[in-house]
Undergrad: 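Dropping a structure here in structure tokens format, bear with me for questions.
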2 protein chains.
Amino acid sequence: MSDLAVNEFDRQEVAASPVEKFREYLATQGKRLTQERETIVREIFAEHEHFDSDQIVARLTQPRRDGGRVSRATIYRTISSLEEAGLIRKVARSNDREVYEHDYGYPQHDHFICEKCQQLVEFRNEEISAVLERVAADHGFRMSGHRLEVHGICAECAKPPSRRHRKLDMI
Amino acid sequence: MSDLAVNEFDRQEVAASPVEKFREYLATQGKRLTQERETIVREIFAEHEHFDSDQIVARLTQPRRDGGRVSRATIYRTISSLEEAGLIRKVARSNDREVYEHDYGYPQHDHFICEKCQQLVEFRNEEISAVLERVAADHGFRMSGHRLEVHGICAECAKPPSRRHRKLDMI
DNA sequence: ATGGATGCAAAGCGTTTGCATACAG
DNA sequence: CTGTATGCAAACGCTTTGCATCCAT
């Protein structure tokens with residue numbers, strides 16, 4: 001028999017597929033892996049991209065050849081479950097929507113958010129977690145995770161006119 | 001004549017009151033400091049606490065002795081302006097509401113968010129900004145700020161029963 | 001079989017906006 | 001005076017939910 005909180009800590013074992021992993025989680029909750037839920041998980045894990053609920057709704061809400069139509073309500077409900085299951089997580093908020101990403105079998109990282117083009121860019125840095133781990137400990141805080149958005153202008157948007165000379169910039 | 005972007009960088013001078021500071025900002029935008037706006041700023045800066053729009057609405061929406069009643073719409077509009085003015089900033093999202101805090105005359109800091117009691121706890125750590133500054137530079141990203149939420153269980157909520165002896169905790 | 005799951009449409013909820021009226025400069 | 005700002009209520013956009021029907025186990 002497996003322990004209760006086990007699936008919370010066996011991230012090292014990146015073996016089972018997201019669908020399988022989800023089924024396991026559902027089982028522990030007395031819930032079922034339905035066709036709809038499987039369709040949603042497959043769609044979400046088809047590629048490692050940030051996404052929001054509406055994008056998934058857009059893709060699965062209209063009839064598809066494989067008959068995989070899923071309702072908006074079910075998509076919202078399933079995304080919540082996936083979050084509880086630890087398969088995805090909220091990374092930011094953009095345009096009044098929560099933005100999610102895969103949180104299963106993926107290395108820890110954070111994001112830049114460009115204020116001009118709104119694009120999210122991932123970056124990895126182990127120092128950050130280390131510092132946070134230490135600071136949390138200092139405060140008796142039991143850290144379970146963090147959410148870090150670095151705001152500013154991305155490299156692309158930073159060089160705007162691109163055609164004009166830049167000599168007179170700062171007299 | 002002052003330059004365009006000047007008020008973006010004179011944070012060092014912590015002299016003017018929030019209201020005065022706001023008036024300055026409004027002036028640069030061809031906007032006016034109305035009674036309502038002043039009431040809102042005073043209310044927000046009355047004490048250094050995190051707040052959300054609804055709390056301010058609750059306090060200013062019902063008639064008050066000083067006749068300072070302000071409508072919900074104006075409060076939302078003013079909070080946006082205060083954010084643009086750099087007087088306040090969003091720090092987190094709690095209960096589906098944006099949580100704000102003072103960002104004028106206050107040292108940089110980040111927050112713990114307790115998953116049990118939902119409370120926000122500030123902490124300061126200069127390493128974090130330093131690391132981010134460096135990482136951003138490495139990516140050609142022009143950082144303007146960041147938003148960091150550290151999630152977990154606060155010291156208070158971590159020691160639950162509190163009345164029971166703790167000898168048998170871990171056989 | 002049968003309790004959980006889906007789909008639909010309606011409700012929720014924080015936030016925004018159109019418009020007529022009311023002031024700050 | 002005149003262009004802004006306010007207040008009200010209706011509109012919005014994302015998300016949640018009630019309920020009848022459906023299906024995984």
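Sequence lines set the chain letters: A, B, ... in the order given, protein chains first and strands last, and positions in each chain run from 1.
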Undergrad: Side-chain N or O of Tyr76(A) versus OP1/OP2 of dT15(D): is the shortest distance under 4.0 Å?
TA: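 For Tyr76(A), the contact criterion (side-chain N or O under 4.0 Å from OP1 or OP2 of dT15(D)) is met.
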Undergrad: Angle between ring planes, Phe45(B) versus His102(B), binned at 30° and 60°: parallel, tilted or perpendicular?
TA: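 Judged by the thresholds at 30° and 60°, the geometry between Phe45(B) and His102(B) is parallel.
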Undergrad: When the distance from CD of Glu38(A) to P of dT25(D) is rounded to whole Å, what number comes out?
TA: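 The answer, rounded to whole Å, is 10 Å.
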Undergrad: Does Thr34(A) have a side-chain nitrogen or oxygen under 4.0 Å from the phosphate oxygens OP1 or OP2 of dC23(D)?
TA: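 Checking dC23(D) against Thr34(A), no side-chain N or O comes under 4.0 Å of OP1 or OP2.
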Undergrad: Do the side chain of Arg77(A) and the base of dG7(C) come within less than 3.5 angstrom through a donor-acceptor pair of N or O atoms?
TA: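 Answer yes: a donor N or O sits under 3.5 Å from an acceptor.
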Undergrad: For His109(B) and Phe123(B), I'd like to know if the aromatic rings sit close, meaning centre-to-centre distance below 6.0 Å.
TA: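 That pair fails the under 6.0 Å test.
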Undergrad: Take the protein atom CG of Asp52(B) and the nucleotide atom C1' of dC13(C), then report the distance between them rounded to whole Å.
TA: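 Those two atoms, CG and C1', are 13 Å apart.
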Undergrad: Quick check on DNA chain D: between Ile75(B) and Gly30(B), whose nearest nucleotide comes earlier from the 5' end?
TA: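 Closer to the 5' end of DNA chain D: Gly30(B).
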Undergrad: Do the side-chain N and O atoms of Tyr25(A) and Glu84(A) include a donor-acceptor pair separated by under 3.5 angstrom?
TA: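 Note: Tyr25(A) and Glu84(A) side chains meet the donor-acceptor criterion.
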Undergrad: Measure from NZ on Lys31(A) to P on dG3(C) and round the result to the nearest Å.
TA: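 In whole Å, dG3(C) P lies 17 Å from Lys31(A) NZ.
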Undergrad: Looking at Arg69(B), I'd like to know whether one of its side-chain N or O atoms comes within less than 4.0 Å of OP1 or OP2 on dC8(D).
TA: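 So the side-chain polar atoms of Arg69(B) do come within 4.0 Å of the phosphate oxygens OP1 or OP2 of dC8(D), strictly under.
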Undergrad: Give the rounded distance in Å between these two atoms: CG of Asp96(A) and P of dC13(C).
TA: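 For the pair Asp96(A) CG and dC13(C) P, the rounded distance is 18 Å.
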Undergrad: Check the distance between dT25(D)'s P and Glu36(A)'s CD and give it to me in whole angstrom.
TA: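 Answer to the nearest Å: 12 Å.
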Undergrad: Using 0.5 Å steps for rounding, measure from the CG atom of Asp52(A) to the CG atom of Asn95(A).
TA: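 Nearest 0.5 Å value for the CG-CG distance: 8.5 Å.
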Undergrad: Using a cut-off of 6.0 Å, state whether more than 12 heavy atoms not belonging to Asp96(B) lie near its atom CG.
TA: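 No - once you tally the heavy atoms of other residues, nucleotides and ligands closer than 6.0 Å, there are 12 at most.
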Undergrad: Within the structure shown, what part of the strands sits under 4.0 Å from Arg97(B) by heavy-atom distance: base, sugar-phosphate, or nothing?
TA: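 Counting heavy atoms under 4.0 Å across all strands, the contact made by Arg97(B) is with sugar-phosphate only.
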Undergrad: What is the distance from CD1 of Ile56(A) to P of dT15(D), rounded to the nearest Å?
TA: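 Spelled out: CD1 on Ile56(A) to P on dT15(D) is 12 Å.
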Undergrad: Quick one: which of dT17(C), dT15(D), dT15(C) gets closest to the side chain of Arg72(B)?
TA: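 My answer, after comparing the listed nucleotides, is dT15(C).
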Undergrad: dA5(C) phosphate, OP1 or OP2: any side-chain N/O from Arg37(A) under 4.0 angstrom?
TA: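 Looking at the OP1 and OP2 atoms of dA5(C), one of them is under 4.0 Å from a side-chain N or O of Arg37(A).
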Undergrad: Please report the distance, rounded to the nearest Å, between CG in Leu82(A) and P in dA5(C).
TA: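 Nearest whole value for this atom pair: 13 Å.
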Undergrad: Could you state the CZ-P distance from Arg32(B) to dT6(D), rounded to the nearest angstrom?
TA: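 Checked: the CZ to P distance equals 10 Å.
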